[in-house]
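What follows is one structure encoded as structure tokens, with my remarks underneath.
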Amino acid sequence: MSPRLRFAPSPTGHLHIGGARTALFNWLLARHHKGQFILRIEDTDRERSTEEYTTSILKGMEWLGLDWDEGPFHQADRLDIYRGHIQKLLREGTAYKCFCTKEELDERRLTAQSRGEKPKYDGRCRQADQSQDKPYCIRFLSPDAGTTVVHDLIRGDVVFENKELDDLIIQRTDGTPTYNFTVVVDDVTMRITKIIRGDDHLNNTPRQIQLYNTFHYPVPEWTHLPLILGPDKKRLSKRHGATSVLAYKEMGYLPQALLNYLARLGWSHGDQEIFSKEELIAKFDATNIGKSAGIFNPEKLSWLNAHYIKSVPPQDLLKKTLPFLQEAGLKIEDEAYATQALQSLKERATTLKAFALEGSYYFQEDFPIEEGARNKFLTPDTLKLLREFRDRLIPLSPMNEILLKDIMTGMTEEKGVKLGALAQPLRVAVTGGTVSPSIYEVLTLLGKERVLQRLDRVLS
RNA sequence: GCUCCCAUCGUCUAACGGUUAGGACGCGGCCCUCUCAAGGCCGUAAUACGGGUUCGAUUCCCGUUGGGAGCGCCA
């Protein structure tokens with residue numbers, strides 16, 4: 001039977017790095033085994049769930065290319081299903097009404113904690129008169145004795161004492177069902193066979209298993225992923241800078257770089273570092289997932305991004321980069337020229353955004369000249385050199401890299417100076433800075449007209 | 001505090017009782033060179049600690065320490 005997996009984010013925030021990895025692992029395994037990947041939006045918390053976040057999560061998934069076969073399902077549309085299941089438990093006596101107020105519970109929790117005990121519900125409403133006309137929530141009657149064991153694919157059997165588990169609330173006073181309940185009902189009715197989720201859910205799993213058991217439903221296969229931590233070893237959060245997947249898109253990261261990075265954070269395939277999407281699908285295997293938490297390392301992501309930028313085919317370069325060029329206010333008039341310019345830049349770009357930041361001189365005439373560069377390289381002596389270069393350039397037609405090289409090396413040999421003595425001032429004059437691709441390449445790309453214009457600007 | 005999980009270079013990881021403990025990012029050096037990158041070569045750096053088991057432990061067991069997660073009418 002082909003496996004069915006799901007990703008079930010709650011729309012109380014953007015799709016973040018950790019969630020994206022969970023989604024990726026589920027997606028990868030589904031694709032690897034030719035199973036189904038289902039997307040479900042867990043929005044039973046009406047207070048904090050928003051439409052905006054739902055859209056953002058979907059956009060994040062699409063950007064990463066994690067396509068789903070079924071859904072997105074919304075829990076908000078499934079309330080009748082949950083209600084039916086709750087009624088069943090109530091009828092069977094495996095759930096009961098609890099009339100304790102939130103304030104009472106808070107108070108008891110505090111006193112338990114101050115006594116050094118685990119703050120759990122004492123089960124006092126198990127005996128309460130169920131026909132009282134007071135606001136109530138509904139609790140699941142969990143067993144007091146025995147153990148519940150979680151068969152986890154990467155951790156083995158994890159045993160929990162049932163006495164550690166209290167009667168959890170499955171329906172709020174306002175009539176809406178809660179997470180630990182809906183997740184079970186959904187996974188059962190959606191026939192999910194493998195559950196891959198964050199480590200933070202491991203402690204919830206025994207109570208979910210108890211729910212499966214009382215419904216006599218088959219228990220799925222569990223895989224709990226170690227968490228992704230920040231540099232301070234705390235759970236990755238907004239405090240650690242950009243954590244939203246879409247933020248990486250905006251910073252100029254390629255989805256493949258993020259996918260590759262995320263796959264290797266917690267999973268490995270020997271010494272291999274670079275994986276295409278197809279390779280990941282072919283090679284991904286839950287048995288090679290590690291057990292320990294990993295720290296998010298932006299440098300390595302950057303390295304991967306630079307790697308993938310180098311491999312973008314020339315014909316795709318402009319399309320991918322255009323939004324960043326436009327954002328920087330650069331106008332693209334000649335697409336063929338722009339493509340060549342980007343091509344010359346791509347060896348040294350770390351992000352797509354860097355093209356606009358570091359190569360703006362390709363697309364505008366009124367770029368500023370860096371103060372330090374001007375002082376160091378545009379001196380009376382070098383201006384003399386530039387003037388001579390200009391004079392030798394004028395009769396040149398056509399202008400190409402070989403001819404330029406001839407002129408420049410000829411000049412520097414005559415003067416007995418190093419090539420850099422001419423190349424750097426020239427670079428400052430035509431790019432405004434001391435860093436650029438090969439000077440021959442830049443000059444050729446820019447073309448004679450523009451080069452002369454820029455030389456005149458610094459010579460006048 | 002209680003419950004659960006985890007522990008190899010700074011970071012991501014390889015090793016599935018026998019290796020000079022390997023690779024990658026980062027960092028440093030050299031080469032290349034018109035600058036900066038890229039690339040090539042070299043280097044830096046780890047089995048948390050203490051007990052067992054074993055001819056032999058990174059690997060198996062126990063403990064200690066350290067880190068993380070959970071303990072919500074959040075998911």
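In what follows, every chain begins at residue 1, and chains take the letters A, B, ... in the order their sequences are listed. None of the values given here were measured: they were computed from a predicted structure.
Counting any heavy atom pair closer than 4.0 Å across all strands shown, Ser292(A) reaches sugar-phosphate atoms only and no base atom. Within 4.0 Å of Glu273(A), counting heavy atoms only, lies at least one base atom of the nucleic acid. At the heavy-atom level, Gly266(A) lies under 4.0 Å from the strands shown only through sugar-phosphate atoms. Among the protein residues, Pro437(A) comes within range of the nucleic acid bases, having at least one heavy atom under 4.0 Å from a base atom. Residue contacts for Asn180(A): at a heavy-atom cut-off of 4.0 Å it reaches a base atom on one of the strands shown. Looking at heavy-atom distances under 4.0 Å, His201(A) makes contact with a base. Among the atoms of the strands shown, base atoms are found under 4.0 Å from some heavy atom of Ile169(A). Heavy atoms of Lys291(A) sit under 4.0 angstrom from primed sugar atoms or phosphate atoms, though from no base atom. If you check every strand for non-hydrogen atoms under 4.0 Å, Arg155(A) touches sugar and phosphate atoms only. Note on Ser438(A): a base of the nucleic acid sits closer than 4.0 angstrom, heavy atoms only. Residue Ile439(A) is in base contact, counting any heavy-atom pair closer than 4.0 Å across all strands shown. Among the atoms of the strands shown, none is found under 4.0 Å from any heavy atom of Tyr261(A).
When the P atom is used for both A7(B) and C60(B), the distance is 9 Å, rounded to whole Å. Rounded to a whole angstrom, the distance from the C1' atom of C16(B) to that of G22(B) is 15 Å. The gap from the C1' atom of C4(B) to that of A21(B) amounts to 31 Å, rounded to the nearest Å. Distance noted for atom C1' between U19(B) and U59(B): 13 Å (whole Å).
Nucleotide A14(B) forms a pair with no other nucleotide shown, judged by Watson-Crick or G-U wobble geometry with both contacts under 3.5 Å.
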Stepwise side-chain hydrogen bond (donor to acceptor under 3.5 Å, both in side chains) test for Thr205(A) and Arg197(A): CA-CA 11 Å; Thr205(A) 309; Arg197(A) 69 202 339 182; 3.2 Å; yes
Verdict with reasoning, Tyr308(A) to Asn260(A), per side-chain hydrogen bond (donor to acceptor under 3.5 Å, both in side chains): CA-CA 10 Å; Tyr308(A) 282 107; Asn260(A) 195 149; 2.5 Å; yes
Pair Asn162(A)-Gln210(A), side-chain hydrogen bond (donor to acceptor under 3.5 Å, both in side chains): steps then yes or no: CA-CA 10 Å; Asn162(A) 288 341; Gln210(A) 291 179 351; 3.1 Å; yes
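Other residues, nucleotides and ligands contribute over 12 non-hydrogen atoms within 6.0 Å of the CD atom of Gln130(A). The environment of NZ in Lys120(A) is crowded: more than 12 heavy-atom neighbours from other residues, nucleotides or ligands sit within 6.0 Å.
Judged by distance alone, with hydrogens and angles left aside, Thr178(A) brings no side-chain donor or acceptor close enough to the base of C73(B) to form a pair under 3.5 Å. Below the 3.5 angstrom threshold, one finds no donor paired with an acceptor across the side chain of Asp43(A) and the base of A75(B). Side-chain atoms of Thr173(A) and base atoms of C73(B) include a donor and an acceptor less than 3.5 Å apart. A donor N or O paired with an acceptor N or O is not found under 3.5 Å between the base of G70(B) and the side-chain atoms of Asp200(A).
Across every non-hydrogen atom of Phe377(A) and Pro425(A), the tightest pair is O-CB, 3.5 Å.
Under the 3.5 Å distance criterion, the side-chain polar atoms of Asp167(A) are left unmatched by any main-chain donor or acceptor of Leu141(A).
OP1 or OP2 of A14(B) lies within a sub-4.0 Å distance of a side-chain N or O belonging to Ser268(A). Between Arg235(A) and G70(B) there is a side-chain N or O to OP1 or OP2 distance below 4.0 Å. When the side-chain nitrogen and oxygen atoms of Arg109(A) are compared with OP1 and OP2 of C73(B), one or more of them lie within a distance under 4.0 Å. Of the side-chain N and O atoms in Lys234(A), one or more sit less than 4.0 angstrom from OP1 or OP2 of G68(B). The side chain of Thr44(A) contributes an N or O atom lying less than 4.0 Å from OP1 or OP2 of A75(B).
Distances from the side chain of Tyr179(A) to the nucleotides A75(B), C34(B), A14(B) place A75(B) closest. For Glu42(A), taking side-chain heavy atoms from C-beta onward, the closest of the listed nucleotides C4(B), A75(B), G1(B) is A75(B). If you check U35(B), C71(B), G26(B) against the side chain of Glu299(A), the one that comes closest is G26(B). Side chain of Gln424(A), nearest nucleotide from U35(B), C4(B), A24(B): U35(B). Distances from the side chain of Gln113(A) to the nucleotides G23(B), G1(B), G68(B) place G1(B) closest. Comparing G22(B), G26(B), U13(B) against the side chain of Leu265(A) picks out U13(B) as the nearest.
Across the protein-nucleic acid pair, Ile209(A) atom CD1 and C4(B) atom P stand 15 Å apart, rounded to whole Å. Whole-Å rounding puts the Ile289(A) CD1 to A14(B) P distance at 12 Å.
In terms of position on RNA chain B, the residue among Arg264(A) and Pro177(A) whose nearest nucleotide sits closer to the 5' end is Arg264(A).
Between Arg40(A) and Glu42(A) a salt bridge is recorded (basic side-chain N to carboxylate O distance below 4.0 Å).
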